[in-house]
Amino acid sequence: MSNAPDDAQNADNQTQLALRRTFVDRLRYSRSKNPSTATTFDRFVAVSLAVRDRLVERWIETQRTYYEQDTKRAYYLSAEYLLGRTLRSNLKALAIYDDYKKVLAEIGIDLDEVLEQEPDAGLGNGGLGRLAACFLESLATLSLPAIGYGIRYEFGIFEQAIRDGYQVERADEWLKFGNPWEFARPEYTVAVGFGGQTLHVPTEDGFRVLWKPATKVTGVPYDTPVAGYRCNTVNTLRLWAARADQEFDFQLFNAGDYLRAVEEKNASEVISKVLYPNDSFEIGRELRLKQEYFFVACSIHDIVHRYLKQHATFASFSEKVAIQLNDTHPAIAIAELMRVLVDEHNVEWEEAFKQTVGAFGYTNHTLLPEALERWPAATFARLLPRHLELIQEINRRFLREVTTHFPHSPELVSRMSIISDGAEREVRMAHLAVVGSHSVNGVAQLHSDLVQARLLKDFHDLWPERFNNKTNGVTPRRWILECNSQLSNLLTERLGTDSWVTNLEALKQLEPSVEDAEFRTSLRTIKMENKLELAKLIFKLTKLRVDPQSMFDVQIKRLHEYKRQHLAALHAVTLYLRAKRGEAVQPRTLIFGAKAAPGYRRAKLIIKLIHSIADIINGDKRQSAVRIVFMPNYRVSLAERIIPAADLSEQISTAGMEASGTGNMKLAMNGALTIGTLDGANIEIREAVGEENFFLFGLTAEEVLEKQRQRLTGRAALKNDPLLEEALKLIREGFFCPEEPDLFHQLVDDLLGYDQYLVLADFAEYAQKQAEVEREFRNTDEWTRKAGYNIVRMGRFSSDRTIREYAEGIWGVSPCAIASPRDPSLVPNAHPDLV
Ligand code: 26Q
């Protein structure tokens with residue numbers, strides 16, 4: 001008779017034995033250390049390499065299966081991947097987290113301390129980059145055949161320090177001590193051309209175009225495995241690094257031009273050096289266009305090469321290949337695929353364009369017209385002469401179609417043209433993306449509606465069937481399971497299963513639990529413990545002591561005027577004034593985390609404003625109601641500590657300006673209540689959690705447009721609000737910044753004048769809603785009930801749901817189950833080189 005518990009115990013012991021052995025082996029043979037000489041960082045690398053070893057068998061099996069089944073693949077092209085840390089995710093995906101914790105504890109090592117050694121992979125600015133990372137994780141967990149392509153930036157998003165209340169930037173040297181997750185693949189390099197001339201060479205039936213680039217750069221792929229959660233699928237993230245072209249160098253060195261050769265080498269390698277730290281387009285940075293074309297050319301080459309290994313013609317290209325453009329940053333891929341098909345493989349234009357449109361999908365992430373990417377045609381002509389010709393031909397045929405559909409409308413033709421006809425001709429990347437794709441989507445319902453009704457209205461009139469919505473989501477593995485272990489345990493215990501981890505909608509079965517007082521007590525206890533942990537971290541990082549009993553009011557996101565951090569700061573000043581007058585103000589700790597683009601002066605000034613206000617308010621020990629914390633260097637790993645501890649989530653953008661938001665989702669699913677405008681995904685979150693569990697305020701997107709048309713001043717909104725007036729006056733006159741009393745003069749005057757983001761117009765309703773928040777917070781049990789409903793009703797906002805919608809609605813890719821890894825020597829029929 002078998003003894004099941006004993007068998008399980010034996011298996012555990014065996015696993016733990018194996019884990020210990022690989023760990024010690026990796027310390028010894030990959031770090032040349034033994035357990036007594038190893039540093040904590042050595043231990044981090046050794047555990048990571050041991051975990052990587054376990055992934056590799058599944059990785060090989062996954063790629064073999066895709067190849068054998070010749071599955072359609074989804075290719076995600078993104079200039080950004082904000083991955084954060086990887087070790088904890090992979091331990092959990094492989095179900096060896098608890099074993100490793102135990103094994104390490106037995107030899108006196110604390111796993112949590114080891115995990116803290118890992119630097120964040122910060123290859124992105126904010127929402128768009130983190131979305132790409134959540135998507136990769138969901139793709140693998142859903143067993144979908146997919147590859148992510150991007151740039152291996154040597155320096156990711158800058159490290160932020162605060163000096164005298166000002167942001168200062170430092171280089172992010174995330175690769176300094178090596179990266180245990182990546183595999184360099186120098187055997188699969190790609191040559192990328194820049195500049196030069198196009199030659200039109202006559203042939204029997206017309207002519208061929210040859211592009212003779214002036215310089216070449218080599219792309220070296222670095223592959224990182226992306227593990228699905230408990231499912232054997234391991235997909236690939238392939239990031240390209242720029243290296244100087246050997247042959248090109250060789251010629252220069254041989255010509256005796258040593259210095260020029262070294263200069264050229266540097267100029268090539270600078271392409272993948274650094275992530276642009278702007279989360280909005282800024283015209284005129286030629287290197288940025290080089291980065292975009294560089295990674296796109298490498299990726300398209302890779303995709304076409306992989307397709308051609310199994311297909312003789314391009315007739316079924318779009319049946320096997322789906323390419324998603326994460327915003328317009330990789331949109332040049334449309335012209336590049338046309339170039340490869342038409343110039344290099346002799347495919348007829350019509351057929352090539354059909355396959356191109358069939359393959360591409362475009363995701364838009366912004367409605368702000370100034371944020372749309374456009375490049376001077378002259379820059380294109382210099383850097384990518386052949387691509388400009390191809391874009392002109394795509395445009396010529398497109399405008400012919402416009403004229404056929406809407407005759408006699410020259411204005412329409414000029415509005416829709418891919419190349420604008422102003423004093424300086426510019427290539428409009430969004431127009432190129434729409435014309436070259438069969439699908440165009442926004443990232444929340446309101447945003448998609450506005451894309452269709454405003455931003456790309458003319459295109460929607462022409463091709464309504466191309467347009468659709470894909471509301472964003474976030475991965476519950478990182479954003480609940482890994483960052484909030486106590487909440488995870490409670491959910492699993494109550495549900496009787498951990499199925500919610502891969503099926504977040506299952507949480508709706510816990511609705512009855514929310515009405516159970518014991519469950520609410522657990523929720524409250526967990527939130528308090530998370531707040532205590534965060535309070536410790538705040539003290540460690542800022543030396544400020546905050547009261548965990550106070551309301552933790554959190555605004556974490558990039559710094560932008562449209563996101564209105566200054567609205568929250570202004571409100572904090574009014575709370576402070578009320579507290580000073582002896583009014584009973586609910587104790588509250590405002591927690592900010594935000595990086596400003598280094599060239600965005602107003603955003604940097606708002607960071608200084610927050611610090612100035614914080615200095616005065618925190619320093620005033622006669623009141624304890626208001627505390628303000630600015631957590632420096634906000635990043636993924638810091639978000640993981642802040643989010644589980646939040647009571648209130650600030651989602652207060654000017655309506656119509658935040659495409660979706662995804663931090664709003666992470667906070668709500670961890671039991672924070674939202675105070676927010678009718679913007680982006682807030683609208684859908686409110687619908688999902690129930691309007692009674694959401695604090696709504698502010699103008700609607702329509703009203704915002706109307707107000708902006710009226711050109712009212714901010715001062716017009718001041719009427720009957722002496723408190724707001726006083727707050728503005730104090731800021732303006734330097735009360736919070738005696739060293740530089742004029743510092744915020746202009747900022748306040750701009751609010752009182754044009755007030756583009758309607759900060760003052762929305763202030764009264766915001767303050768009123770915050771008063772309601774205070775009242776509700778004091779009713780602890782009722783607050784916890786609302787938090788509970790937020791948690792159990794957020795199932796729709798899993799990126800698993802989002803990715804299923806992309807897979808079914810845009811890509812036509814299906815799940816592909818991967819067998820358990822076998823001993824590699826037992827796999828029959830050694831297969832051809834799998835790239
Ligand atoms: C473009 C050209 C040149 C230099 C930089 C850029 C650039 C880089 C990053 C432009 C934009 C970005 C990032 C945009 C971004 O993060 N957008 C956010 O995307 C999220 C995911 O869809 C949404 O939730 C947010 O609402 C949106 O602001």
Side-chain angles (χ1 to χ4, degrees), residues 76 78-82 122-135 150-151 153 156-157 274-293 295 324-332 362-375 379 426-430 433 441-448 450-451 469-475 556-564 594-595 597-600 636 651-667 676-677 679-685 797 799 802-803 806:
Y76 200 74
S78 178
E80 307 196 358
Y81 291 91
L82 204 43
L123 308 184
N125 276 284
L128 167 147
R130 182 54 231 177
L131 185 75
C134 283
F135 279 7
I151 301 173
Y153 299 109
I157 187 67
V274 59
L275 167 78
Y276 274 85
N278 309 325
D279 60 347
S280 163
F281 175 65
E282 192 194 320
I283 204 141
R285 298 300 174 107
E286 199 169 301
L287 181 59
R288 166 76 186 194
L289 183 59
K290 284 192 186 166
Q291 288 185 333
E292 294 180 353
Y293 178 64
F295 98 88
Q324 194 65 27
L325 303 172
N326 198 21
D327 215 300
T328 56
H329 316 155
I332 188 64
Y362 158 50
T363 304
N364 172 283
H365 295 265
T366 185
L367 291 161
L368 307 181
E370 69 272 20
L372 292 183
E373 219 180 345
R374 56 213 156 76
W375 294 98
T379 308
E426 286 176 339
V427 181
R428 299 160 165 164
M429 300 306 273
N441 75 278
V443 289
Q445 191 60 57
L446 172 73
H447 171 238
S448 297
L450 293 175
V451 164
N469 171 247
K470 295 285 171 282
T471 298
N472 283 166
V474 303
T475 171
I556 44 176
K557 51 187 79 242
R558 283 300 286 259
L559 213 136
H560 246 287
E561 286 165 278
Y562 83 78
K563 295 177 188 280
R564 301 198 294 192
K595 287 178 180 174
Y600 186 175
V636 172
Q651 307 300 335
I652 60 178
S653 53
T654 314
M657 299 198 183
E658 188 71 273
S660 163
T662 45
N664 47 3
M665 301 170 187
K666 296 162 196 168
L667 284 154
T677 49
D679 201 13
N682 293 354
I683 297 173
E684 291 157 79
I685 292 173
F797 301 93
S799 46
T802 313
I803 283 298
Y806 275 91

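Remember, it's 1-based here, ligands and their atoms both numbered in the order they're listed. We number each residue from 1, following the sequence as shown.
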Any N or O of L128 closer than 3.5 Å to N or O of ligand 1: yes
Any donor-acceptor N or O pair under 3.5 Å, side chains T379, E286: no
Atoms in ligand 1 with a heavy atom of Y562 nearer than 4.0 Å: 28 (O)
Aromatic ring proximity, centroids under 6.0 angstrom, W375 and F281: yes
Protein contact of atom 5 (C) of ligand 1 - nearest heavy atom, named by residue and atom, plus distance: N278 O, 3.4 Å
Distance-only side-chain donor-acceptor flag, Q651 / D679, under 3.5 Å: no
Salt-bridge criterion met for R564 and E561 (N-O under 4.0 Å): no
Atom 2 (C) of ligand 1: the protein heavy-atom neighbour that sits closest, reported with distance to 0.1 Å: F281 CD1, 3.4 Å
Residue, atom name and distance, where the atom is the protein heavy atom closest to atom 26 (O) of ligand 1: E658 OE1, 2.7 Å
Side chains of T662 and N472, donor plus acceptor under 3.5 Å: no
Contact atoms of ligand 1, heavy-atom distance to G661 under 4.0 Å: 23 (C), 24 (O), 25 (C), 26 (O)
Interfacing atoms of ligand 1 (cut-off 4.0 Å, heavy-atom, G127): 16 (O), 19 (O), 20 (C), 21 (C)
H329: numbered ligand 1 atoms lying under 4.0 Å from its heavy atoms: 1 (C), 7 (C), 8 (C), 9 (C), 10 (C), 11 (C), 12 (C)
Of all pairs that satisfy salt bridge (Lys or Arg N to Asp or Glu O under 4.0 Å), the ones with a partner from residues 657-666, not counting sequence neighbours: K563-E658
Which residues share a side-chain hydrogen bond (donor to acceptor under 3.5 Å, both in side chains) with K470, sequence neighbours left out: N468
N469 side chain to H447 side chain, donor-acceptor N/O pair below 3.5 angstrom: no
Short side-chain donor-acceptor distance under 3.5 Å, Y362 and D327: no
Ligand-side contact atoms (ligand 1) for residue partner N472, heavy atom cut-off under 4.0 Å: 21 (C), 22 (O), 24 (O)
Winner among H365, R288, E80 once heavy atoms are compared against atom 1 (C) of ligand 1: R288
Atom indices of ligand 1 within 4.0 angstrom of A659 heavy atoms, with elements: 26 (O)
Q324 and T363: side chain donor to acceptor below 3.5 Å: yes
Ligand 1 N/O within reach of E292 N/O, cut-off under 3.5 Å: no
Side chain, backbone, both or neither: D327 near ligand 1, heavy atoms under 4.0 Å: neither
S280 contact mode with ligand 1 (heavy-atom cut-off under 4.0 Å): backbone
Residue and atom name of the nearest protein heavy atom (relative to atom 14 (C) of ligand 1), distance in Å to one decimal: D279 O, 3.7 Å
